[in-house]
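So you know, we letter chains A, B, ... as the sequences are listed, proteins then strands, and number each from 1. Only a predicted model underlies this, so the values are computations on that prediction, with no experimental measurement involved.
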2 protein chains.
Amino acid sequence: MEHVEVFKALSNKARLQILQWLKDPTKNFPAEGCCENGVCVGQIQLKMGVTQSTASEYLSLLQRTGLLTVTRQGQWTYYKRNEDAIRELGKLILEDL
Amino acid sequence: MEHVEVFKALSNKARLQILQWLKDPTKNFPAEGCCENGVCVGQIQLKMGVTQSTASEYLSLLQRTGLLTVTRQGQWTYYKRNEDAIRELGKLILEDL
DNA sequence: CAAAGGTATCGGAAAATAGCGATTTTATCA
DNA sequence: TGATAAAATCGCTATTTTCCGATACCTTTG
């Protein structure tokens, strides 16, 4: 994944918002949508106020860039922040941008 | 300037390249295009291989987001990296993203 | 003041992205 | 198996971005 792609993923208010919400899943989402692997698509969609397809596409984009991790569990897909990748990005900007 | 705008500015290969080149002006540009205030538009345009208008617009976009500083000097406009802003962005990602 | 050089801005065509509804896929459960 | 539920993918239009050529704006110099 090129850095350009990561910055593209971040250049959208809704996607930045998702990353913020996922900093504290239990505070921002009902418990039944959360597990140790993150938050399911449906709950994020509800909170975003967009269609299911839009939420799904945003989440999978963030995952493709590495900013989120994804875990399928039964019929649910849980997305979670990838703190390592976020830290790497911060370091990259400090050291290489 | 919202963070989204900074990320938009960074989600373009040519603009990221400009930031890289400006890390070492004298290495990447002929001395006559450089001064302590940065590198003039014309030299950056030549190196980018785009039209003058495109170079000018990319540079002023990077300046509007705060990533570059601009100094007019006679008939030349010099652009320079804003290291403070870049450091702030790195810290922002590490601490708040 | 006129000419020339460097830069900025404007207007537009082509390409990319946003976000939706419809459909398909995958998993559960009776 | 069929019904149902969650999520992914597809197809589409509207909007935004990209990048250009033309033009306008400054500044220097004759």
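The shortest distance between the side-chain N/O atoms of B:T77 and the OP1/OP2 oxygens of C:dG6 is not below 4.0 Å. Not one side-chain nitrogen or oxygen of B:Y78 sits closer than 4.0 Å to the OP1 or OP2 atom of C:dG6. An OP1 or OP2 oxygen of C:dA8 is reached within less than 4.0 angstrom by no side-chain nitrogen or oxygen of B:S60.
Remark: the A:T51 side chain and the C:dG21 base include no donor-acceptor N/O pair separated by less than 3.5 Å. With hydrogens and angles ignored, no donor-acceptor pair under 3.5 angstrom links the side chain of A:Q52 to the base of D:dA6. For C:dC10, the base has a donor-acceptor partner in the side chain of B:E57 [N/O atoms by modelled type, under 3.5 angstrom].
Of the possible polar contacts, one joining the B:Q20 side chain to the A:D96 backbone as a donor-acceptor pair under 3.5 Å is found. Side-chain N or O atoms of B:R81 include none that pairs as donor or acceptor with a backbone N or O of B:L22 at under 3.5 Å. Proximity of a side-chain donor or acceptor of B:S11 to a complementary backbone N or O of B:F7 within less than 3.5 Å is detected.
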Measure all distances between protein nitrogen or oxygen atoms and nitrogen or oxygen atoms of nucleotides 12-18 of chain D, and list the pairs falling under 3.5 Å.
unit_1: D:dT17; atom_1: OP1; unit_2: B:K8; atom_2: NZ; d: 3.1
unit_1: D:dT18; atom_1: OP1; unit_2: B:R15; atom_2: NH2; d: 3.2

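The nearest whole Å value for the distance from the CD atom in B:Q43 to the C1' atom in C:dG5 is 14 Å. In this entry the distance linking CG of A:L46 with C1' of D:dA7 reads 13 Å, nearest Å. Taking atom CD1 of B:I44 as the reference point, atom P of C:dG6 lies 14 Å away to the nearest angstrom. Atom pair B:R72:CZ and D:dC25:P shows a separation of 13 Å (rounding to whole Å applied). Going from atom CH2 of A:W76 over to atom C1' of C:dT28 covers 8 Å, rounded to whole Å. The separation between B:L59 atom CG and C:dT7 atom C1' is 11 Å, rounded to whole Å. A:L68 has its CG atom 12 Å from the P atom of D:dA8, to the nearest Å. Note: CD (A:Q45) to C1' (C:dA18) measures 16 Å, nearest angstrom.
Set against C:dA8, C:dG6, D:dT9, the side chain of B:Y79 has C:dA8 as its closest nucleotide. For B:Q75, the side-chain atoms get nearest to D:dT27 when compared with the rest of C:dT28, D:dT27, D:dA7.
Atom CD1 of A:I93 is separated from atom CG of B:L89 by 4.0 Å, given to the nearest 0.5 angstrom. To the nearest 0.5 Å, atom CD1 of residue A:I18 and atom CE of residue A:M48 are 4.0 Å apart.
Residue B:S53 is in base contact, counting any heavy-atom pair closer than 4.0 Å across all strands shown.
Checking A:T54 against B:G49, the closest nucleotide of DNA chain D that is more toward the 5' end is the one next to A:T54. Sequence order on DNA chain C of the closest nucleotides to A:G74 and A:A14 puts A:A14 first from the 5' end.
Considering B:R64, B:E57, B:Q63 in turn, B:R64 is the only one that fulfils the side-chain hydrogen bond (donor to acceptor under 3.5 Å, both in side chains) rule with B:S60.
Under the 4.5 Å side-chain criterion, counting only non-hydrogen atoms from C-beta, B:L67 is in contact with B:L10. Residues B:L94 and B:K91 fail the side-chain proximity criterion, which asks for heavy atoms closer than 4.5 Å.
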